[in-house]
Amino acid sequence: MQFPQELDSDNIPTHVAIIMDGNGRWAQQRGMPRPMGHKVGVESVQSVVRAARVIGVKVLTLYAFSTENWKRPPLEVNALMGLLKTFLLRELETMVSNNVSLRCIGQKDRLPKEVRETLDRVIAETADNDGLIFNLALNYGSRVEIIDAVREVARKCETGELQSDAISEDLFAEHLYTSGLPDPDLLIRTGGEARLSNFLLWQASYSEICFVDTLWPDFREEHLVEAIRVYQGRQRRFGMTGDQVQQP
Ligand code: FPP
């Protein structure tokens, strides 16, 4: 893939976050078991990581497993965990050679031991890469993330390490799982639904949101390019007026 001509190279979103939805429906529409949708969805993940690198996105966050997804049938949960592990092992070399660094947000400790160990290994082996940050949201829930941050900030106040007056937006954000990462500029949800589903609620405050009908297993490089093209056509105002943001 080459840099797409239709995109403005001076206005590439630094951080793109994606809610990968529609795997189950994709499979069901074809009379296949739901996990087949996840399996083909892994090809979309590969395609999007490749495209993000070429386009020059710095951080790509994918919502791969939510804190609520444990409620799914055990067969589907197991299939997802298996796919993740295989994906990580298979992609490690490609990530290393493409200068991609893997990160993870979410409560990693509660993932099956094998997945956790594989994840830790890939994160460690790609830690020095300074190209695309490929950030997987795994066992992630935004409300739990916020509660975790509140607890840590409260603990620091109790021990006297922190004065409550010093709590600012920046300080609070430093206690979220995404600490050190910029907020998403563009948030895409595939699969035709228009909701955030407990994903990056704090961080997406000023994200441009793009809801697309394409089911995740059908989502490929060209769909990411199209979403970025839509993003480039929007005016981000951050609470200001249109005239104010147009001023140099
Ligand atoms: C939502 O579709 C998708 C998920 C819960 C899992 C996404 C996982 C993958 C694409 C594969 C593994 C990921 C990586 C990074 C290798 P859904 O099942 O809720 O779809 P539906 O709304 O049609 O039921």
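Just follow the structure's listing: the first ligand is 1, and inside any ligand the first atom is 1. What you see is a predicted model, and the numbers here were worked out from it, not measured in a lab.
- Here the CD-CG distance, from E43 to D218, works out to 10.5 Å after rounding to the nearest 0.5 Å.
- In this structure, R234 contributes its side chain and I209 its backbone to a donor-acceptor pair below 3.5 Å.
- Summarising the geometry, atom CD belonging to E91 is positioned 10.0 Å from atom CD belonging to E93; distances are rounded to the nearest 0.5 Å.
- The nearest heavy-atom contact from the protein to atom 10 (C) of ligand 1 is N23 ND2, 3.4 Å.
- The atoms of ligand 1 that sit less than 4.0 Å from any heavy atom of N69 are 5 (C).
- The shortest distance between side-chain heavy atoms of L60 and V49 falls below 4.5 Å.
- Formation of a donor-acceptor pair under 3.5 Å by the Y140 side chain with backbone atoms of L200 is found in this model.
- Contact analysis puts R34 in contact with ligand 1, with a non-hydrogen atom separation below 4.0 angstrom.
- Regarding atom 21 (P) of ligand 1, its nearest protein heavy-atom neighbour is R25 NE, 3.6 Å.
- Under a 4.0 Å criterion applied to the non-hydrogen atoms of F87, ligand 1 contributes the atoms 16 (C).
- Rounded to the nearest 0.5 angstrom, R25 CZ and Q28 CD are separated by 9.0 Å.
- Comparing S44, G192, A64 by heavy-atom distance to atom 6 (C) of ligand 1, the nearest is A64.
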query: Which is it for E152 and R155 under the salt bridge (charged side-chain N to carboxylate O under 4.0 Å, His left out) test, yes or no, and what are the steps along the way?
result: CA-CA 5 Å; E152 185 57 13; R155 193 195 56 77; 2.9 Å; yes
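- The closest donor-acceptor contact from the side chain of T126 to the backbone of S101 lies at 3.5 Å or more, if one exists at all.
- In terms of polar-atom proximity, G22 is counted as a contact of ligand 1, with an N or O under 3.5 Å from an N or O of the ligand.
- Distance from atom 15 (C) of ligand 1 to its nearest protein heavy atom, with residue and atom name: L136 CD2, 3.6 Å.
- Every atom of ligand 1 is numbered from 1 in the order shown, and the set under 4.0 Å from a heavy atom of L80 is 6 (C), 8 (C).
- From the protein, the heavy atom lying nearest to atom 1 (C) of ligand 1 is M20 O, 3.1 Å.
- Looking at D21 next to ligand 1, an N or O pair under 3.5 Å apart turns up.
- Although no hydrogens or angles enter the test, the distance criterion places a donor-acceptor pair under 3.5 Å between the side chain of D185 and the main chain of T14.
- In W216, the part holding a heavy atom less than 4.0 Å from any atom of ligand 1 is the side chain.
- Protein heavy atom nearest atom 19 (O) of ligand 1, with residue, atom name and distance: R72 NH2, 2.7 Å.
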